There are 2 protein chains.
Amino acid sequence: MDPQPFHDHDHHLCSDAVMSQAEAMLTASGARLTPVRRRVLEILLEQHRAMGAYDVLQRLAAEGFGNQPPVAYRALDFLVEQGLAHRIQRLNAFTACMHPGEAHAPAFLICQGCNTVAEAPAAPVRAALESAAADLGFTVERASVEALGLCPACREAS
Amino acid sequence: MDPQPFHDHDHHLCSDAVMSQAEAMLTASGARLTPVRRRVLEILLEQHRAMGAYDVLQRLAAEGFGNQPPVAYRALDFLVEQGLAHRIQRLNAFTACMHPGEAHAPAFLICQGCNTVAEAPAAPVRAALESAAADLGFTVERASVEALGLCPACREAS
DNA sequence: TCTATGTATGTAATATCATAACACGTCAAG
DNA sequence: CTTGACGTGTTATGATATTACATACATAGA
């Protein structure tokens with residue numbers, strides 16, 4: 001999967017590609033990418049980071065949208081439901097999905113140096129988890145896998 | 001690892017064993033198991049569930065300890081540091097560690113039916129995660145793996 | 001024994017994260 | 001042209017967590 005988050009790259013390629021995919025997906029599914037929702041997605045796409053709902057809200061408010069928490073939470077929840085964003089439990093924050101449409105139950109790598117959040121391919125991780133769970137008779141429905149650590153750049157810098 | 005959380009068992013065997021181990025570990029390390037800390041551990045050990053800090057606090061207050069959040073958070077943080085409790089990110093809640101002393105970076109299995117939380121052996125899961133991370137040059141320091149699903153009993157009942 | 005020091009606890013105040021409930025507007029189907 | 005579904009705005013409140021400071025308590029060193 002995509003190592004880009006951790007390296008210099010032309011970020012427009014990321015965000016533009018995701019925006020197009022998002023539009024296509026939502027058109028196909030009939031869900032509506034309203035101005036607030038679109039703007040929230042754009043804001044999340046600005047960086048490979050996780051943003052708190054209140055940070056997003058502040059941005060929205062500054063641009064003339066509503067300035068009460070539900071405005072942000074509703075848009076964020078919508079994006080999460082549509083698979084366009086992920087919630088990072090550990091940070092109480094949200095990040096744009098960089099691979100919308102692709103079926104994926106990602107693992108998140110959170111750099112403690114630069115706060116970058118990347119999605120890692122988690123199929124083997126999930127397989128191992130489901131196997132461990134099955135040994136106890138437990139059926140996994142959803143799982144969150146979040147790792148804290150250092151990205152290549154921050155590791156080198158430290 | 002221990003499938004007990006998901007089955008009928010003499011729970012005193014769990015909690016007594018853990019309490020003894022906890023005492024031994026802390027005596028050895030020089031850390032102090034003060035009344036508040038001991039009581040919090042006992043409370044967590046009452047069930048194979050996760051408890052919110054404010055639930056713990058309520059219990060403490062009812063027993064004559066302080067009734068402000070830091071009282072609970074400090075004791076809980078202490079137990080987590082000492083490896084005697086775990087924080088479940090997904091639930092904003094805490095659970096007693098059922099295998100203190102054993103080196104382990106567990107995966108948590110959270111039953112959506114009965115709220116039981118079990119620790120599953122996570123060595124293979126972590127290995128898979130570290131491997132996926134290494135492919136991106138990322139070094140994992142700490143990770144949380146939390147699965148929602150159904151335990152054997154609740155699965156059968158549903 | 002006394003006192004200085006570090007550690008633990010108690011409390012007030014506040015910060016941060018999240019949701020419930022209701023009002024209003026828009027738009028498309030009937 | 002009305003109705004109903006959906007989206008947005010707003011008020012209020014709930015739930016989770018931390019900062020800062022005061023007090024007590026244990027214990028090692030004078």
Side-chain angles (χ1 to χ4, degrees), chain A residues 22-23 26-27 29-44 49-82 84-95 110 115 117 144 146, chain B residues 22-23 26-27 29-44 49-82 84-95 115 144 146:
Chain A
E23 281 165 16
L26 293 186
T27 302
S29 81
R32 293 167 50 200
L33 190 60
T34 61
V36 201
R37 292 169 176 175
R38 162 184 290 271
R39 194 66 194 109
V40 169
L41 182 52
E42 287 169 357
I43 289 168
L44 289 183
R49 303 241 160 76
M51 288 185 81
Y54 279 71
D55 296 328
V56 172
L57 179 58
Q58 219 174 327
R59 295 283 305 272
L60 290 177
E63 297 175 19
F65 294 99
N67 67 8
Q68 298 303 313
V71 173
Y73 279 103
R74 284 195 288 236
L76 289 165
D77 290 346
F78 170 85
L79 294 174
V80 169
E81 269 164 31
Q82 300 296 320
L84 297 171
H86 298 291
R87 180 180 204 119
I88 311 294
Q89 308 283 348
R90 202 145 185 136
L91 304 177
N92 291 324
F94 301 82
T95 190
I110 305 161
N115 296 311
V117 174
S144 47
E146 300 173 359
Chain B
E23 283 165 15
L26 293 186
T27 301
S29 81
R32 294 166 49 200
L33 190 58
T34 61
V36 201
R37 292 168 175 177
R38 162 183 290 273
R39 195 66 195 111
V40 169
L41 181 54
E42 287 170 356
I43 289 169
L44 290 182
R49 303 243 159 76
M51 287 184 82
Y54 279 74
D55 296 328
V56 171
L57 179 58
Q58 218 174 327
R59 295 282 306 272
L60 291 177
E63 296 176 17
F65 294 99
N67 67 10
Q68 298 301 316
V71 173
Y73 280 103
R74 285 195 286 234
L76 289 164
D77 290 346
F78 170 84
L79 294 173
V80 169
E81 268 163 32
Q82 300 297 319
L84 297 171
H86 298 291
R87 180 182 206 122
I88 311 294
Q89 307 285 347
R90 212 157 172 124
L91 304 176
N92 290 324
F94 300 81
T95 190
N115 296 312
S144 49
E146 300 173 359

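Quick note on labels: first sequence line is chain A, next is B, and so on, each numbered from 1. Predicted model only: the values in this text are computed from it and were never measured. All heavy atoms count here, side chains included; hydrogens, waters and symmetry mates do not.
Within the 4.0 Å cut-off from OP1 or OP2 of C/dT16, not a single side-chain nitrogen or oxygen of A/Asn92 is found. Taking only side-chain nitrogens and oxygens, B/Arg87 comes nearer than 4.0 Å to OP1 or OP2 of D/dA17.
If you take CE of A/Met51 and P of C/dA18, they are 14 Å apart, rounded to a whole angstrom. As rounded to whole Å, 13 Å separates atom C1' of C/dT7 from atom CD of B/Glu81. One can place CZ of A/Arg38 at 13 Å from P of D/dT8, the figure rounded to the nearest angstrom. In this structure, CG of A/Leu57 is placed 11 Å from P of D/dT10, rounded to the nearest angstrom. If you take CG of B/Leu79 and C1' of C/dA8, they are 14 Å apart, rounded to a whole angstrom. We find that CZ of A/Arg39 is positioned 17 Å from C1' of D/dT8, with the value rounded to whole Å. Separating the CG atom of B/Leu60 from the P atom of C/dG10 is a distance of 9 Å, rounded to the nearest angstrom. At whole-Å resolution of the value, CG in A/Leu33 and C1' in D/dG7 are 13 Å apart.
Each of A/Ala75 and A/Pro69 lies near DNA chain D, and the nucleotide nearest A/Ala75 is the one positioned closer to the 5' end. Mapping A/Arg32 and B/Ala93 onto DNA chain D by nearest heavy atom places A/Arg32 closer to the 5' end of the strand. In terms of position on DNA chain C, the residue among A/Gln68 and B/Val36 whose nearest nucleotide sits closer to the 5' end is B/Val36.
Contact check for A/Asn92 versus A/Tyr54: no side-chain heavy atoms found under the 4.5 Å cut-off. A/Leu60 has its side chain within reach of A/Ile43: a pair of non-hydrogen atoms, C-beta onward, lies under 4.5 Å apart.
Note that the CZ atom of A/Arg59 and the CG atom of A/Leu57 stand 12.0 Å from one another [nearest 0.5 Å]. A/Leu44 contributes atom CG, which lies 6.5 Å from atom OG1 of A/Thr95 (distance to the nearest 0.5 angstrom).
Not a single donor-acceptor contact under 3.5 angstrom links the side-chain atoms of A/Tyr54 to the base of C/dA15.
A/Arg37 comes within 4.0 angstrom of the backbone, heavy atoms only, and of no base.
Using a distance-only test at 3.5 Å, with no hydrogens or angles considered, a donor-acceptor pair links the side chain of B/Glu146 to the main chain of B/Gln89.
Of all nucleotides listed (D/dG7, C/dA18, D/dT16), C/dA18 comes nearest to the side chain of A/Tyr73.
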